[in-house]
4 protein chains.
Amino acid sequence: MRAPSLDPDSRRASLVRAAREVFAEKGYHPASVGDIIEAAGVARGTFYNHFESKREIFAAVLAELMLEVGGVVQPIDVRQDIHEQVRANLHRLAAAMASQGAAVRILFTEAEGIDKDGEIALAAFYAHVLARVEKALSDGQRLGVVRPGEVRQSARCLLGMLKEPVMLARLAREPLDAPAMAEAIYGLLRGGVLSV
Amino acid sequence: MRAPSLDPDSRRASLVRAAREVFAEKGYHPASVGDIIEAAGVARGTFYNHFESKREIFAAVLAELMLEVGGVVQPIDVRQDIHEQVRANLHRLAAAMASQGAAVRILFTEAEGIDKDGEIALAAFYAHVLARVEKALSDGQRLGVVRPGEVRQSARCLLGMLKEPVMLARLAREPLDAPAMAEAIYGLLRGGVLSV
Amino acid sequence: MRAPSLDPDSRRASLVRAAREVFAEKGYHPASVGDIIEAAGVARGTFYNHFESKREIFAAVLAELMLEVGGVVQPIDVRQDIHEQVRANLHRLAAAMASQGAAVRILFTEAEGIDKDGEIALAAFYAHVLARVEKALSDGQRLGVVRPGEVRQSARCLLGMLKEPVMLARLAREPLDAPAMAEAIYGLLRGGVLSV
Amino acid sequence: MRAPSLDPDSRRASLVRAAREVFAEKGYHPASVGDIIEAAGVARGTFYNHFESKREIFAAVLAELMLEVGGVVQPIDVRQDIHEQVRANLHRLAAAMASQGAAVRILFTEAEGIDKDGEIALAAFYAHVLARVEKALSDGQRLGVVRPGEVRQSARCLLGMLKEPVMLARLAREPLDAPAMAEAIYGLLRGGVLSV
DNA sequence: AATGAATGAGCCTTCATTCAT
DNA sequence: CATGAATGAAGGCTCATTCAT
């Protein structure tokens, strides 16, 4: 039975949706094009009418995820309580990652290994995110909300604090306690762990 | 040309060495047994005289890496300057990770998705590491060197701070500035980033 | 050169046909999937689009053979000359086996030792055949056409009388003289060999 | 630890003994040289000091079996009760086959498939056996103990009666009831199954 | 003669991709 | 655009055999 000829964008979208689930569940390499078309209820050929390769659809999934995760962070309004806004952003980020659950893992663990030739905008994505965090830190320093000091490495560490708990929860097959994670990070940002 | 007849341990070691490089460069799935034996200068059958499968040699590489990385951390002597010892450990860890370069990525990115059947001790490794970090934090709290508060999530974040800069440096194809990374983490642990 | 796109049933059938010849000539283990696809004029992947494994296609060949050989035996009509009908059945069976030539050897020699996990219905097939023969003998006894006595072992021997001459002809690379064989068996059934 | 340097014949014999068990349990193809040397407690190289190939040791096993099985048949003494002697021979044969159990299967099912190039004396063995049976039948006819008629096909059928029950018992994983089998065959030889 | 590490051809199987319909 | 049969390179693994010690 022939699937209805959807407009190209919808078909594409439904393939990406299916692919996201499949990749999330199995990971990139173990997931097969067969899995994806089965999940999408579409014939093999159809897949290749919309994507040139497995890699390309993976990139599409990734791009979508990046937008979604990046979108939850709200710009800081310097006239309001900054700490509270940072905290709220952390909670939103943690919640987003927890809800995406499996899917986010892709962004975090697999993408790099697939990105030969840099065809996937992963490096760019991270560069973008890092730049954003670094700018936030610098701005904060200028406003006196962030301690002075180098900013580049700190931004990297910050990213790690966000990603690692997600990874570990997945690895241990435990659910992610998003609020606890957000609070822990906030606590670290506020005062470190070592007492003076 | 026939490879010289080594005793099993040496041959095994040389295969693990070769495999480590190959896995580091290509990642688990893209690396083939063919790549490994070529790197080791050995025939296909020889590989299978020493390892039952690609997965098994991967596990061996992993185990080695764990030992090496874990080995650089030295226990804290409470009668001496604790902050300084923490800092020294961070520097040693950072240096170890930087020197292993590509190889460490294995520990960090792959291994999940390969671990069907839990045959690879990755989860166990992380559990072990986390337990160690958590204990260090708790001990520190008892000694008054670490701020009171929950310890579980913080340990996870700490791990992230260590791993992420390594990953990002790799992704950006930049060398890792180990001392800077260690200092940044130390700074974070000491006082967070937000000023009070 | 690409093979024409057949409907799945035809392709499957052509593969089974090819496999039957290959298995007949080489036997199960020595025959390779490569031999089969070559005989079928089809690419490797095509084979696995239709069969999950070499074992599965072997089972398919076996099933076909069973049907063909089993199909030539006609039920006895008690109102007619029974001896003559038995004899006719023997001739038909012998002819069928002779015409299948090599292929029948499969049914007779291989299949054991392949049947790990009992996935191949060989034991079942023989159980079925034996039951049929035993029933025929019992029925015959009730009708007074078959001597009284145990029936189980006799059925087994009967089967052996049919198979062995086929095997031996093959082994000696002689053609099978089907009518002679049928007559010999008929003679044996009628009066044994020892005179009283 | 180095095995004592047995005299060649003993070592050879112990290898053949080991091989017989291994082949009997697994069948020719699934049995590996590794299995055999393990069973014999000997190193790989040692095996090839005594046999040129797996096939060669298989042939040796076969030759041994042929001797053993053939040896139990005793020549008929025409001055004594011939029926009884035939019956006794049948019982001895059946018992021999039952005791060899698995090993005999080799002779019966696998050998042919391995005998490319006729390197194994299987055809010769069967020719020999058949000749012996045929001669017995002819002699019997001359003595009036065997019904007149062709003898060639009957001899083949006779062989089948002996082999098949062994095969079937094995296939069904039942023990072989040797006396019952011998009696059934004797009954068949005496009077067939069809009543007149 | 015994040893066992090394060999490599060859096998079965997978799966991303192509293309005729 | 949709379809799905066909493709074939590539991969993991086995195992009979060789040979230096």
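Chain letters run A, B, ... following the sequence lines, proteins first, then strands; residues in each count from 1.
- Searching all strands for a Watson-Crick or G-U wobble partner of F:dT7 with both distances below 3.5 Å returns E:dA16.
- C:Ala40 comes within contact range of no nucleotide atom at all, as no heavy-atom separation falls under 4.0 Å.
- Note that D:Lys54 lies in the cation-pi zone of D:Tyr28, set by a 6.0 Å cut-off to the ring centre and a 45° limit from the axis.
- Nucleotides of DNA chain F nearest to B:Phe47 and C:Arg44 differ in position, and the one nearer the 5' end is that of C:Arg44.
- Contact annotation: B:Tyr48 side-chain N/O to F:dT14 OP1/OP2 distance is not under 4.0 Å.
- Atom CG of B:Asp7 and atom C1' of E:dT3 are 15 Å apart (whole Å).
- A:Asn49 and A:Thr46 share no side-chain donor-acceptor pair at under 3.5 Å.
- The local environment of CD in A:Glu56 is crowded, with over 12 non-hydrogen atoms from other residues, nucleotides or ligands closer than 6.0 Å.
- Distances shorter than 4.0 Å separate none of the side-chain N or O atoms of B:His29 from OP1 or OP2 on F:dG11.
- OP1 or OP2 of E:dA5 has not a single side-chain nitrogen or oxygen of B:His50 nearer than 4.0 Å.
- The CZ-P distance, from C:Arg55 to E:dC11, rounds to 18 Å in whole Å.
- Of the two residues near DNA chain F, C:Ala43 and B:Ala31, the one whose nearest nucleotide lies more 5' is C:Ala43.
- Applying the 3.5 Å distance criterion, the base of E:dA2 shares a donor-acceptor pair with the side chain of D:Asn49.
- Both distances falling under 3.5 Å, in either a Watson-Crick or a G-U wobble arrangement, place E:dA9 opposite F:dT14.
- Put simply, C:Thr46 has a side-chain N or O that comes within less than 4.0 Å of OP1 or OP2 on F:dT7.
- Summary of the strand contacts: B:Leu6 and C:Val33 both lie near DNA chain E, and taking for each the nucleotide with the nearest heavy atom, the more 5' one is attributed to B:Leu6.
- Contact of the B:Tyr126 side chain with the A:Met167 side chain is not registered, since no non-hydrogen atoms from C-beta on lie closer than 4.5 Å.
- With salt bridges taken as basic N to acidic carboxylate O contacts below 4.0 Å, one links C:Glu68 and C:Arg20.
- Rounded to whole Å, the distance from CD on D:Glu56 to P on F:dA16 is 15 Å.
- Within the 4.5 Å cutoff, side-chain heavy atoms of A:Pro30 are placed close to those of B:His29.
- The distance between atom CD of C:Glu38 and atom C1' of E:dC11, rounded to the nearest whole Å, is 15 Å.
- The shortest distance between the side-chain N/O atoms of B:Arg2 and the OP1/OP2 oxygens of F:dA20 is not below 4.0 Å.
- With rounding to whole Å, D:Lys26 atom NZ is found 13 Å from F:dT14 atom P.
- Between the CZ atom of C:Phe51 and the P atom of E:dT13 there is a distance of 13 Å, rounded to whole Å.
- Distance A:Arg12 CZ to F:dA2 P: 13 Å, rounded to the nearest Å.
- Counting to the nearest Å, the C1' atom of F:dT14 and the CD atom of B:Glu52 are 12 Å from each other.
- Figure legend. E:dA1 is base-paired to no nucleotide; pairs are counted as Watson-Crick or G-U wobble with both atom distances under 3.5 Å.
- A:Ser32 comes within contact range of the sugar-phosphate backbone alone, with a heavy-atom separation under 4.0 Å but no base atom that close.
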